[in-house]
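Only one structure is covered here, and it is reproduced in the block below.
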Amino acid sequence: GTDAIMTPMKRLLAPFALAATFAAPSSFAASFGGVEVPPPPPARPVTETFHGVTVESPFRFMEDLKSPEVQAWMKAQNDATEAIFARIPGRATMLARIREIESKAAGLTQSATRTANGRYFFQLRDPQDNQFKLVWRERVDGPDRLIVDPEALAKATGKPHAILDFAPSPDGKRVAYAVQAGGGEIGTMHVVDLASGREIVPPIDRIRYASPTWLPDGSGLFYSRLRENYESYPVDERFDDHATHFLSLGKPVADRKVFSALRDQALALPRYAEGYVQPILGTPLAAMHVALGVERFRLLYLGRLDAAKQGTAAWRKVLSLDDQASDVAIAGGYVYVRTPKRAARYEVLRMPVAQPDIAKARVIMPASESVIVAMGAARDALYVVRRDGATMSLWRIEHKPDAKPQRIALPFEGAIELTGASDDVPGVVFDLGGWTRATKPFAYDPSTRRVRQLPFVTPGAYDAPDDIEAREIRYRSHDGVEVPMSIVMRKDAKLDGSNPTILYGYGAYGITDDPFLNPRWYAWVQRGGVLAFAHVRGGGVFGEEWHMAGRKETKPNTWKDAIAAAEYLIAQRYTSASRLGIYGGSAGGIFVGRSITERPDLFAAAVPAVGVMDGLRFEFASNGAANIPEFGTVKVEPEFKALLAMSTLHAIRDGTAYPGILFAHGVNDIRVPVSESLKAAARFQQATTSGRPVLLRLEYESGHGQGSTRAQSQERTADIWTFMLWQFGVPDYQPVAN
């Protein structure tokens, strides 16, 4: 699923109880298929008092990933998990089926965009490819021309590589891209001349998403970079003072830092703020968009472009946090703002670049029952996406004083993601897909007023499978609030309580699980499994009000909505508790962990992937401070109580029959440290009495999941599906002793 523990603008643009006392050294010993799962090391409780409340952390020492003891336990746990899965006969069948379906599926594109001279740039992964490569085309139906293939880098280095982000110059002659290794999300930026294929400058290191923005003439670009020696700072300050640089490609080439939170202290920004500079076409100005960690609202400053390139701009604030700007787009002489300030489901405002005053901004797309979810500004118009339930619509508003929104006719209803809207190119490029329709790239041409599918991938056998269906239902939660849920299943499935079912959810940062058809998910549904996506509070299915209803002090709604979803699926006989699993990743670890700690009887299996499990320690991780706007800080008493309530680690009780649990985590994760899973796994192993497994599945060449290769994703999914079916008692999925 999508994850919001990320910061670059274009990617963002994520009952209170005292802790129990902990058991003596664990008596946990479990054998599955003749494989012993080693017990956790003895607990070494660290006691802390917050606002008069004393809490214990039994496995704090596992935060030291360099400790030989911790490393040895991690390896022993992972070895045991691998050995058990190797003894489950159905696992090989499941992996083979996933591979077969993906080999017959269509290719995939990401981030397709177009330059003013008609060139297209996009990431492409054909069915036979293990990773997305970056390619370009001279014209829409021309041949693909390779810019970089991460698979070649992987073969040369022995480490999986992936593209983080990219941006072509406005004239389409150059491209800047960032690439990472091993899932660590920190890598290098490269600037390539397409005519010669040569790199214009040596690779630039310390890149955590470059977010490059070019000058209109292509002579230079702004990009984002971590500070020097970032690795030597305390772990919770490692990604602070993320700097904006300007790279001039003249003779000589020059690179200078032009903005950072600590350098530009007059702006009084928090240490984790990041700025992204955008030249404003047709003016001497530049905009600086500022992201504050995972805070949903942006800041906007304007200054002179020539000064911004030198790092001497006198930035003038146009939008503050109080203005609640979720999205800002600039083109055609206007600044556009998507905001929930006066309407929880958002409205779009507009003000002239020459005199930007939010108090005088005009409403150009008013609030309605629909949720306005995204916008992008092109040369001809602003393009806006609205959500109605599970489907979306695309709208166009011209850069004219009295322009009215016009709806664009689409080939089918589904989920829309804008991937290419540029102030110097008319029209918009976007992805369109659904629960039962594979996502494909499309473009709208304002000169013909038509949408066409872009011919970047050959059709696949599973682009629109006719044996599955999607149902959109609503169920009542603990407080009577109706929560939507999307259920994907075979058309011939019987509601007799026997279907293997996975309840998936996220519920953070105002992010919504939009409809998509993934070949790996299809392998589950096709064999008779049900997938239920609960759109719980903390997400954004009904706008900012829904987000705020599952954040900080209201966070319990997230897992209480999950529990109500599980009860609904059982009551409506989609499944039964013995055949129900719960799955979620990252912030969705709270959704999973607190559901099974509050209602262990409702689930047979649980998979928290790269999950947030220790609410009291997360803010002290490398990416933690940036997440305080979403979850809170232990320094503020009501927020401490909220963090303790959402902390799975502190909700685990000794002598409880917990479901089978598989913790999946990439060891190189810089967003949610792997220690979150280690501590929770050890504590569950210590506490559970069910006889069901508590396993750690660790990937040593992976991180939070971004940039995973196809092979890594296939193996991970096969293990998760296999684990679920094992816990549901499906005969072919029981471990067999050698």
Side-chain angles (χ1 to χ4, degrees), residues 5 14-22 45-60 294 477-479 481 483 505-510 534 536-539 546-567 582 584-603 606 608 611-621 624-625 627-654 656 658 661 672 676-677 679-680 683-684 687:
I5 309 188
F16 168 59
L18 299 183
T21 53
F22 295 103
V46 174
T47 303
E48 293 176 289
T49 302
F50 301 94
H51 312 284
V53 178
T54 300
V55 289
E56 280 185 9
S57 292
F59 296 105
R60 176 78 57 85
V294 302
S477 192
H478 68 104
D479 54 358
V481 169
V483 180
Y506 187 69
Y509 311 109
V536 298
R537 281 172 280 186
W546 201 249
H547 172 215
M548 298 300 285
R551 177 179 172 270
K552 294 187 179 178
E553 290 93 326
T554 58
K555 190 65 183 167
N557 285 326
T558 298
W559 65 84
K560 289 180 187 296
D561 288 353
I563 288 165
E567 291 174 329
I582 186 169
S586 195
I590 299 167
F591 169 96
V592 174
R594 288 299 282 113
S595 294
I596 63 171
T597 45
E598 195 151 301
R599 287 295 304 278
D601 58 303
L602 275 180
F603 308 96
V612 176
M613 309 307 288
D614 184 349
L616 302 186
R617 291 293 293 169
F618 185 51
E619 71 180 278
F620 303 106
N627 279 276
I628 288 171
E630 180 72 14
F631 300 118
T633 172
V634 295
K635 295 169 187 165
V636 176
E637 184 171 3
E639 295 185 2
F640 155 71
K641 291 183 176 181
L643 285 162
L644 183 54
M646 73 180 80
S647 179
T648 297
L649 183 68
H650 295 89
I652 300 168
R653 297 288 170 259
D654 290 319
T656 303
Y658 287 110
I661 309 171
V672 179
E676 292 275 311
S677 286
K679 292 181 290 186
R683 179 72 186 108
F684 272 116

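Values below: all heavy atoms of this structure, side chains included; hydrogens, waters and symmetry mates excluded. This is a predicted model, so every value here is computed, not measured.
Two residues are said to be in side-chain contact when any heavy atoms from C-beta on lie closer than 4.5 Å; Thr597 and Phe684 meet this criterion. Considering only heavy atoms from C-beta on, Glu598 stays 4.5 Å or farther from Pro556 through its side chain. Counting heavy atoms from C-beta outward, His650 and Asp614 have side chains that approach closer than 4.5 Å. Side-chain contact between Lys560 and Arg594 is absent, with no heavy-atom pair separated by less than 4.5 Å. Val294 is not listed as a side-chain neighbour of Phe631, based on a closest heavy-atom distance of 4.5 Å or more.
The CD atom of Glu639 sits 9.0 Å away from atom CE of Met646, with the distance rounded to the nearest 0.5 Å. How far OH of Tyr506 is from CD1 of Ile590: 9.0 Å, rounded to the nearest 0.5 Å.
Residues satisfying the side chain to side chain contact (heavy atoms under 4.5 Å, CB included) test with Val536, not counting sequence neighbours, are Tyr475, Ala534, Thr558, Asp561, Phe591. In this view, Asp479 and Ser477, Val481, Arg537, Asn557 satisfy the side chain to side chain contact (heavy atoms under 4.5 Å, CB included) rule, not counting sequence neighbours. Remark: Thr47 engages no residue in a side chain to side chain donor-acceptor pair (under 3.5 Å) (not counting sequence neighbours). Residues forming a side chain to side chain donor-acceptor pair (under 3.5 Å) with Thr648 (at least two apart in sequence, or on another chain): none. His51 is linked by a ring pair (Phe, Tyr, Trp, His ring centres under 6.0 Å) to Phe640, counting only residues two or more places apart in sequence or in another chain. Partners of Ser595 by side chain to side chain contact (heavy atoms under 4.5 Å, CB included), not counting sequence neighbours, listed by chain and number: Trp559, Ala562, Ile563, Ile582, Phe603. Take Phe620 and apply the ring pair (Phe, Tyr, Trp, His ring centres under 6.0 Å) test, not counting sequence neighbours, and it matches no residue. With sequence neighbours excluded, the residues that form a side chain to side chain donor-acceptor pair (under 3.5 Å) with Glu48 are Arg60. Every residue two or more places apart in sequence or in another chain was checked for a salt bridge (charged side-chain N to carboxylate O under 4.0 Å, His left out) with Glu553, and none qualifies. Remark: Thr633 engages Glu619 in a side chain to side chain donor-acceptor pair (under 3.5 Å) (not counting sequence neighbours). Qualifying salt bridge (charged side-chain N to carboxylate O under 4.0 Å, His left out) partners for Arg617, counting only residues two or more places apart in sequence or in other chains: Glu63. Shown here are the side chain to side chain contact (heavy atoms under 4.5 Å, CB included) partners of Ala687, two or more places apart in sequence or in another chain: Ile652, Asp654, Tyr658, Arg683.
Between Glu56 and Pro45, the shortest heavy-atom distance links the atoms OE1-CB, 3.8 Å. Residues Leu602 and Ala566 come closest through the heavy atom pair CD1-CB, 4.0 Å. Scanning all heavy atoms of the two residues, the minimum distance from Ala680 to Met613 falls at CB-CB, 3.8 Å. When all heavy atoms are compared, the tightest approach of Gly584 to Val592 is N-CG2, 3.2 Å.
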**Study point:** Working for side-chain hydrogen bond (donor to acceptor under 3.5 Å, both in side chains), residues His547 and Glu630
**Key:** CA-CA 10 Å; His547 172 215; Glu630 180 72 14; 2.9 Å; yes
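Looking at Thr554, its side chain does come within 3.5 Å of a backbone N or O of Met548 through a donor-acceptor pair.
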